[in-house]
*Asks:* 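Please see the structure below; I have some questions.
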Amino acid sequence: MSWSSCPIKWISSQEIRAVLQWDVLVPAITEALQAVSTAGAVVQPVRTKLEDKENAGTLMVMPGLVRPCNALATKILCKYPGNAAKGLPTHTSLVLLNDTQTGVPLALLEGDSITELRTAAASAAATLAVRKFNKPTGSPCIVAVLGAGTQGAAHARVMNHILKPQQVRIWSRNGCQSLVSKLSSEGVPAVSCSSVQDAVNGACVINTCTLASKPVLKLPWVMKGAHINSVGAANGNDQEMESDLVRSAQIYADTAEAVMKEAGDLILSGSKLEGEIGEVIKGTLKPTKGMTTIFKSVGMAAEDAVAARLVYDTLYPSKH
Ligand SMILES: NC(=O)C1=CN([C@@H]2O[C@H](COP(=O)(O)OP(=O)(O)OC[C@H]3O[C@@H](n4cnc5c(N)ncnc54)[C@H](O)[C@@H]3O)[C@@H](O)[C@H]2O)C=CC1
Ligand SMILES: O=C(O)C1=NCCCC1
């Protein structure tokens with residue numbers, strides 16, 4: 001008997017996007033982050049990276065099991081920054097979903113949309129968790145987004161969805177007018193900024209979503225008490241934020257083990273973690289009122305597994 005008599009499903013980007021609406025995905029990723037910080041709930045080895053020096057690319061293998069969500073999956077992701085000049089996405093991936101009881105493959109999912117949406121949803125979950133304890137008061141909420149690629153766009157959308165800010169200010173080193181026009185047509189109050197300083201001035205939530213390897217965000221520009229979702233620089237040699245800024249903040253990781261190994265912003269600044277964002281979600285760790293906070297994400301297999309399972313269960317509901 002072969003498992004392939006019941007062939008695995010292919011799930012397209014279109015199907016994934018139809019299921020992973022923010023109202024569904026943000027709570028699911030919140031649960032995944034919480035599970036990561038709960039003993040025995042998640043099995044998630046730090047990912048394997050294959051460096052392709054000739055093409056300045058990296059292939060990553062990311063397996064994860066999230067028991068409370070019945071999710072077992074592996075993402076294979078390639079990061080080739082040079083693709084931007086070729087008109088190709090810089091990050092491409094596939095997610096293989098397996099049955100948690102038998103290990104049998106269930107579905108292969110287009111991974112780019114999962115990576116895009118689950119990463120932004122994790123930043124949204126972190127932002128909401130931190131703001132329960134440390135929400136700037138007084139002025140209207142302004143969101144800043146640095147970078148206008150896949151993550152920049154997704155972060156602008158999800159932050160608008162959860163915070164309903166007065167403005168979403170976007171900066172990108174090559175300009176971002178086309179993204180701003182697109183977001184405006186979707187009802188996001190997006191504006192283009194010509195400098196990082198202009199974009200982040202007075203912002204209560206800042207999202208760093210660039211491929212920069214040297215800091216673009218500096219301490220004097222950031223409002224004290226702001227929250228930063230630090231998405232880029234998932235490589236021990238790269239930084240998006242200057243060291244003084246990182247050292248001045250309370251830092252929460254998506255997963256402590258991976259962040260201490262992969263996040264250049266922490267490693268190069270010699271900063272310490274407060275803990276994991278899952279602990280803030282659970283309320284066992286509380287950010288200090290008035291402090292600047294950073295959610296440092298390097299990306300986790302647990303998020304991919306939970307998102308993939310959610311899509312699969314929605315498209316193929318179990319008959320029993
Ligand atoms: N933490 C996580 O879970 C994830 C992190 N990422 C990371 O987020 C970042 C953004 O990813 P995508 O939006 O998918 O990439 P993308 O290629 O779609 O967009 C990259 C953006 O960064 C800008 N950029 C490139 N080089 C730069 C530099 N030297 N200085 C300033 N800006 C620069 C580009 O102009 C573009 O606006 C990357 O560092 C990526 O590896 C991506 C997915 C998941
Ligand atoms: O988890 C992911 O997916 C990624 N993490 C780091 C950078 C590329 C994508």
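When reading the values below, keep in mind they use all heavy atoms of this one structure, side chains included, and skip hydrogens, waters and symmetry mates. These numbers were taken from a predicted model, which means no experiment stands behind them. Counting starts at 1 for both ligands and their atoms, in listed order.
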*Asks:* Would the number of heavy atoms belonging to other residues, nucleotides or ligands and lying under 6.0 Å from NZ of Lys224 be above 12?
*Replies:* yes
*Asks:* To check your reading of the model: name the closest protein heavy atom to atom 23 (C) of ligand 1, its residue, and the distance in Å.
*Replies:* Leu211 N, 4.1 Å
*Asks:* Consider ligand 2: state whether an atom of it lies below 4.0 angstrom from any non-hydrogen atom of Met62.
*Replies:* yes
*Asks:* Counting heavy atoms only, which of Val298, Ile114, Thr115 comes nearest to atom 6 (C) of ligand 2?
*Replies:* Val298
*Asks:* Would you call Arg118 a ligand 1 contact, heavy-atom distance under 4.0 Å?
*Replies:* yes
*Asks:* Of the protein's non-hydrogen atoms, which lies at the shortest distance from atom 8 (C) of ligand 2, and what is that distance?
*Replies:* His91 CD2, 3.4 Å
*Asks:* Considering only non-hydrogen protein atoms, determine which one is nearest to atom 38 (C) of ligand 1 and report residue, atom name and distance to 0.1 Å.
*Replies:* Thr210 O, 3.4 Å
*Asks:* Assess whether atom NZ of Lys164 is packed by more than 12 heavy atoms of other residues, nucleotides or ligands within 6.0 Å.
*Replies:* yes
*Asks:* Which protein heavy atom lies closest to atom 15 (O) of ligand 1, and at what distance to 0.1 Å?
*Replies:* Thr90 OG1, 3.5 Å
*Asks:* Which bit of Glu262 gets closer than 4.0 Å to ligand 1, counting heavy atoms only: side chain, backbone, both or neither?
*Replies:* neither
*Asks:* What residue and heavy atom of the protein are closest to atom 5 (C) of ligand 1, and at what distance?
*Replies:* Val231 O, 3.1 Å
*Asks:* For ligand 1, does Asp254 get within less than 4.0 Å through its side chain, its backbone, both, or neither, judged by non-hydrogen atoms?
*Replies:* neither
*Asks:* For a quick check under 3.5 Å, do Thr150 and His91 share a side-chain donor-acceptor pair by atom type?
*Replies:* no
*Asks:* When you measure from atom 12 (P) of ligand 1 to each heavy atom in Arg173, His155, Gln151, which option holds the nearest one?
*Replies:* Gln151
*Asks:* Which residue owns the protein heavy atom closest to atom 37 (O) of ligand 1, what's the atom, and how far is it?
*Replies:* Ala148 N, 2.9 Å
*Asks:* Nearest protein heavy-atom contact for atom 10 (C) of ligand 1: which residue, which atom, what distance?
*Replies:* Cys209 O, 3.5 Å
*Asks:* Donor-acceptor pair, distance only, cut-off 3.5 Å: does the side chain of Lys9 make one with the backbone of Ala107?
*Replies:* no
*Asks:* Scan side-chain atoms only and decide if Thr127 and Asn229 contain a donor-acceptor pair under the 3.5 Å cut-off.
*Replies:* yes
*Asks:* Under 4.0 Å, heavy atoms only, figure out whether ligand 2 is touched by the backbone of Arg47, its side chain, both or neither.
*Replies:* side chain
*Asks:* Measure across Asp265 and Gln239 and return the closest heavy-atom pair with its distance rounded to 0.1 Å.
*Replies:* OD1-CA, 3.3 Å
*Asks:* Taking 4.0 angstrom as the limit and counting only heavy atoms of Lys79, give me the atoms of ligand 1 inside it, by number and element.
*Replies:* 41 (O)
*Asks:* How long is the span from the CG atom in Leu273 to the CG atom in Leu266, to the nearest 0.5 Å?
*Replies:* 5.0 Å
*Asks:* What's the shortest distance from atom 3 (O) of ligand 2 to any protein heavy atom, and which residue and atom give it?
*Replies:* Lys75 NZ, 2.6 Å
*Asks:* For atom 1 (O) of ligand 2, tell me which residue out of Glu303, Arg118, Gln151 has the closest non-hydrogen atom.
*Replies:* Arg118
*Asks:* Where is the nearest protein heavy atom to atom 4 (C) of ligand 1: which residue, which atom, and how far?
*Replies:* Thr119 CG2, 3.7 Å
*Asks:* Report yes if some N/O of Asp304 lies less than 3.5 Å from some N/O of ligand 2; otherwise report no.
*Replies:* no
*Asks:* How far is atom 18 (O) of ligand 1 from the closest protein heavy atom, and which atom is that?
*Replies:* Thr150 N, 2.9 Å
*Asks:* Any sub-3.5 Å donor-acceptor pair from Asn98's side-chain atoms to Ala73's backbone N or O?
*Replies:* no
